[in-house]
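All remarks here apply to the structure that follows.
Throughout, residue positions are numbered sequentially from 1 according to the sequence presented. What you see is a predicted model, and the numbers here were worked out from it, not measured in a lab. No hydrogens, no waters, no symmetry mates; every other heavy atom, side chains included, goes into these values.
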Amino acid sequence: MKRLLPIIALFFISITIQAQNSQKARNLLDEVSAKVKSYDNISIDFKYSLTNPKENLNQESKGNVIMQGNKYVLNFMGVTKIYDGKKIYNIVPEDEEISISKFDENEEDAVTPSKMLTFFNHGFKYSWDILQNVRGRKIQYVKLVPTSSKDDRKEIYLGIDVQTKHIYNLMEVGKNGSKTTITVNSFKTNQPLSKNQFTFAESKYPNYYINKLD
C-alpha cells in the first residue's frame, strides 16, 4: 500500500497537469481567434510545402491571399480564386479557363481562407507544446489531434507568435506519412482595399472559356 499511494498520487498529478496544459492551449487559440476577428481585412503572403518520403514527394510553392470577412482573393499554384460572398470564380491563366460556382459558407464542409485561421475551434484535442525562438520571435506551438477517426490527419502543430497572437505556421502530419507546412511570410492587417477588390470582372478575360457550373 505504501508503494501504491505515491503511484496513485503521481497519476492524478499527471491528469491535473494535462488538463491545465489543455486549457492553456485552448486559451491561446481563443486569443488567436479573437485577434483575427478584430481586423477589418487581412493580407497574407505564405510559403507552402508538401513532403512524403514514402512516395518520394517534395513540393514547394508560394501564395498570397486577401480576406475581408468571408470574401477573399487567393493566388496559389498559378490559379486565382475569388469569392465575392455569393460565388466562387476559379481563374486558370494556363488553360485560359474560368469556372463559376455558387458557394454556401454555412455548409459544414465549406472551406474558406478565413476559416483556415479559425479551423481549430472545433473537432480537436489540444495540448501545450514547445516554445521556439525564430529570428527573435517567440513561437509557441499548440498540438491538435483530430477527435474524428475518419480524419486523414494524425496531428497538427500550430505555431503562434506569443507577442502578436498571429499564426506563424501550421504543420499537418498525415496518417499516410505526408507532412504539409504553411509558413506565413507576411501578415498585414487593415490595408486600404479597392471597392472592387472582391469583384470578378469578366471584361478582363476576353479570350477565356467561362464554365458556369450552377
Side-chain angles (χ1 to χ4, degrees), residues 25 27-51 57-85 88-94 103 105 110-121 124 126 129-144 153 155-174 178-201 204:
N27 291 343
L28 180 57
L29 293 177
D30 286 344
E31 289 186 74
V32 172
S33 292
K35 205 67 180 291
V36 167
K37 293 175 182 177
S38 72
Y39 298 126
D40 178 63
N41 61 68
I42 298 173
S43 300
I44 296 174
D45 290 337
F46 61 89
K47 177 183 176 181
Y48 167 91
S49 69
L50 171 64
T51 60
L57 180 63
N58 193 350
Q59 184 178 23
E60 288 190 357
S61 185
K62 292 183 178 180
N64 59 75
V65 61
I66 300 174
M67 296 173 279
Q68 187 172 51
N70 284 324
K71 297 178 181 179
Y72 63 85
V73 177
L74 171 66
N75 294 293
F76 184 54
M77 290 188 170
V79 176
T80 296
K81 181 177 287 191
I82 300 173
Y83 176 50
D84 61 7
I88 291 180
Y89 303 84
N90 277 298
I91 305 167
V92 187
E94 185 178 357
F103 183 77
E105 63 187 60
V111 176
T112 67
S114 59
K115 285 186 178 181
M116 291 301 291
L117 294 175
T118 56
F119 75 93
F120 43 77
N121 285 329
F124 296 94
Y126 315 98
D129 210 76
I130 63 172
L131 176 67
Q132 285 189 342
N133 191 309
V134 181
R135 294 188 293 276
R137 298 167 64 188
K138 291 183 177 180
I139 306 298
Q140 175 63 57
Y141 282 89
V142 172
K143 180 180 179 181
L144 300 93
R153 298 168 296 184
E155 55 199 19
I156 300 169
Y157 294 89
L158 197 61
I160 299 165
D161 188 308
V162 173
Q163 183 178 2
T164 64
K165 301 300 186 296
H166 292 164
I167 294 175
Y168 166 68
N169 68 350
L170 178 150
M171 295 178 287
E172 289 187 353
V173 180
S178 65
K179 182 180 178 182
T180 303
T181 304
I182 297 175
T183 303
V184 175
N185 294 324
S186 172
F187 191 107
K188 298 179 181 179
T189 61
N190 300 337
Q191 299 294 296
L193 301 179
S194 164
K195 64 178 182 179
N196 298 320
Q197 182 71 58
F198 306 101
T199 302
F200 170 73
K204 291 183 179 180

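The 12-atom threshold is exceeded at NZ of Lys35, counting heavy atoms of other residues, nucleotides or ligands nearer than 6.0 Å.
Between Glu60 and Lys47 there is a side-chain heavy-atom pair separated by less than 4.5 Å. Looking at heavy atoms from C-beta onward, Leu158 lies out of side-chain contact with Val32 at the 4.5 angstrom threshold.
Test Phe200, Tyr72, Tyr89 against Tyr83 for ring-ring contact (aromatic ring centres under 6.0 Å, His included) and you get one pass: Tyr72.
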Working for side-chain contact (heavy atoms from CB on, under 4.5 Å), residues Ser43 and Asn64: CA-CA 7 Å; Ser43 300; Asn64 59 75; over 6 Å; no

Full working for side-chain contact (heavy atoms from CB on, under 4.5 Å) between Asn169 and Val134: CA-CA 11 Å; Asn169 68 350; Val134 181; over 6 Å; no

side-chain contact (heavy atoms from CB on, under 4.5 Å) evaluation trace for Gln68 with Asp40: CA-CA 6 Å; Gln68 187 172 51; Asp40 178 63; 3.0 Å; yes

Stepwise side-chain contact (heavy atoms from CB on, under 4.5 Å) test for Lys179 and Met171: CA-CA 7 Å; Lys179 182 180 178 182; Met171 295 178 287; 4.1 Å; yes

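The backbone N or O of His166 sits nowhere less than 3.5 Å from a side-chain atom of Asp161 that would complete a donor-acceptor pair. Between the Asn41 side chain and the Gln191 main chain, a donor and an acceptor come within less than 3.5 Å of each other.
Smallest separation of non-hydrogen atoms from Met67 and Phe198: C-CZ, 4.2 Å. Residues Met77 and Ser61 share a closest heavy-atom pair of CG-OG, 3.7 Å. Pairing each heavy atom of Leu50 with each of Ser178, the nearest pair is CD1-CB, 4.3 Å. Contact record, Pro93 with Gly78: CD-O, 3.3 Å, taken as the closest heavy-atom pair.
We find the OG-CD1 distance between Ser33 and Ile167 to be 8.0 Å, quoted to the nearest 0.5 Å. Atom CG in Leu193 sits 6.0 Å away from atom CD1 in Ile66 (nearest 0.5 Å). Once rounded to the nearest 0.5 Å, the distance linking NZ of Lys62 with CG of Asn185 reads 6.5 Å. Gln140 CD to Lys165 NZ: the interatomic distance, rounded to the nearest 0.5 Å, is 10.5 Å. In this structure, CD1 on Ile44 lies 9.5 Å from CD1 on Ile182, to the nearest 0.5 angstrom. Summarising the geometry, atom CG belonging to Asn90 is positioned 7.0 Å from atom CD1 belonging to Ile88; distances are rounded to the nearest 0.5 Å.
Checking Asn27 against Tyr126 by side-chain atom types alone, no donor-acceptor pair falls below 3.5 Å. A side-chain donor-acceptor contact under 3.5 Å links Asn75 and Thr80.
Relative orientation of the Tyr48 and Phe76 rings is perpendicular, given thresholds of 30° and 60° on the angle between their planes.
The pair Asp129-Lys143 does not meet the salt-bridge criterion, since no charged nitrogen lies less than 4.0 angstrom from a carboxylate oxygen.
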